[in-house]
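Every heavy atom of this structure was used, including side-chain atoms; hydrogens, water molecules and symmetry mates were not.
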Amino acid sequence: MKPIKLFYLRQCPFCKKAFAYIDELKKQEAYKNIEIETIEESEQPEIADTYDYYYVPTFYIEGEKVHEGGIFPNEVEEIFKKALV
């Protein structure tokens, strides 16, 4: 299982939705142990500035950007599936 890195902003409505989708998926047995490192970009700009993205939420797996910007539940599940491979 590969850890996921998630960049977000606390007040971002898309980020809030992403966290809600994550919480729902983590209730499933298949996804409950997925590790997600969350980085609030305004609180940790020294980390955020080393990654190439413009919109949040942005997800990385093993240094590869797998999603950027507005998100839907099925897209979060696809990210989780990539983390399981």
Enquirer: Give a yes or no on whether the backbone of Tyr55 and the side-chain of Glu68 come within a donor-acceptor separation of less than 3.5 Å.
Expert: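 Yes, Glu68 side chain to Tyr55 backbone: donor-acceptor pair under 3.5 Å.
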Enquirer: Looking at every non-hydrogen atom in both residues, tell me the closest pair between Tyr53 and Ala48 and how far apart they are.
Expert: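 Shortest heavy-atom contact: OH-CB, 3.4 Å.
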Enquirer: Keeping Lys65 on the side-chain end and Asp52 on the backbone end, is there a donor-acceptor pair under 3.5 Å?
Expert: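 A pair under 3.5 Å: yes.
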Enquirer: Flag the pair Leu25 / Gln28 as yes when at least one side-chain heavy-atom distance between them is below 4.5 Å, and no otherwise.
Expert: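 Yes, close enough: below the 4.5 Å cut-off.
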Enquirer: Hey, what do you get for NZ (Lys82) to NE2 (His67), rounding to the nearest 0.5 Å?
Expert: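 Those atoms lie 10.0 Å apart.
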Enquirer: Under a 3.5 Å distance rule, please check whether Lys5 uses its side chain to pair with a backbone N or O of Gly63 as donor and acceptor.
Expert: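 No.
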Enquirer: What heavy-atom pair brings Pro57 and Cys15 nearest, and what distance separates the two atoms?
Expert: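 In this case the closest contact between Pro57 and Cys15 is N-SG, 3.6 Å.
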Enquirer: When you measure from the side chain of Gln44 to the backbone N and O of Ile47, does any donor-acceptor pair fall under 3.5 Å?
Expert: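 Checking the backbone N and O of Ile47 against the side chain of Gln44, no donor-acceptor pair under 3.5 Å is found.
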Enquirer: Under 4.5 Å between side-chain heavy atoms, counting indirect links through other Ile/Leu/Val/Met/Phe/Trp/Tyr residues: same cluster for Phe14 and Tyr8 or not?
Expert: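 In one cluster with Phe14: Tyr8, no.
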Enquirer: With clusters defined by side-chain heavy atoms of hydrophobic residues (ILVMFWY) lying less than 4.5 Å apart, directly or transitively, does Tyr21 cluster with Leu9?
Expert: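 Per the 4.5 Å side-chain linkage, Leu9 and Tyr21 are not co-clustered.
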Enquirer: Mark yes or no for whether Glu37, through its side chain, and Pro3, through its backbone, hold a donor-acceptor pair below 3.5 Å.
Expert: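 The answer is no, because no donor-acceptor pair under 3.5 Å joins these two groups.
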Enquirer: Identify the heavy atoms of Lys26 and Asn33 that sit nearest to each other, and give their distance.
Expert: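 Scanning both residues, the minimum pair turns out to be NZ-C, 4.4 Å.
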Enquirer: Identify the residue among Leu6, Ile4, Ile22 that makes a side-chain contact (heavy atoms from CB on, under 4.5 Å) with Thr38.
Expert: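 Only match with Thr38 under side-chain contact (heavy atoms from CB on, under 4.5 Å): Leu6.
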Enquirer: Hydrophobic cluster membership, with links at side-chain heavy-atom distances under 4.5 Å among I/L/V/M/F/W/Y: are Leu84 and Ile36 in one?
Expert: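 In one cluster: yes.
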Enquirer: Report yes or no: do Tyr31 and Glu77 form a side-chain donor-acceptor pair below 3.5 Å?
Expert: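 Their side chains do contain a donor-acceptor pair, which is all the 3.5 Å distance test asks for.
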Enquirer: In Å, rounded to the nearest 0.5 Å, how long is the span from NZ of Lys16 to CZ of Arg10?
Expert: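 Result: 9.5 Å between the selected atoms.
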Enquirer: May I ask whether Phe80 and Ile61 are part of the same hydrophobic cluster, defined by side-chain heavy atoms of I, L, V, M, F, W, Y residues being less than 4.5 angstrom apart, directly or through others?
Expert: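 Both belong to a single hydrophobic cluster.
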Enquirer: According to a hydrophobic-cluster definition based on side-chain heavy atoms being under 4.5 Å apart (Ile, Leu, Val, Met, Phe, Trp, Tyr only), do Ile34 and Ile71 belong together?
Expert: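 Yes; Ile71 is reachable from Ile34 via cluster members.
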Enquirer: Relative to the ring of Phe7, is the ring of Tyr51 parallel (under 30°), tilted (30 to 60°) or perpendicular (over 60°)?
Expert: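 If you compare the ring of Tyr51 with that of Phe7, the planes turn out tilted.
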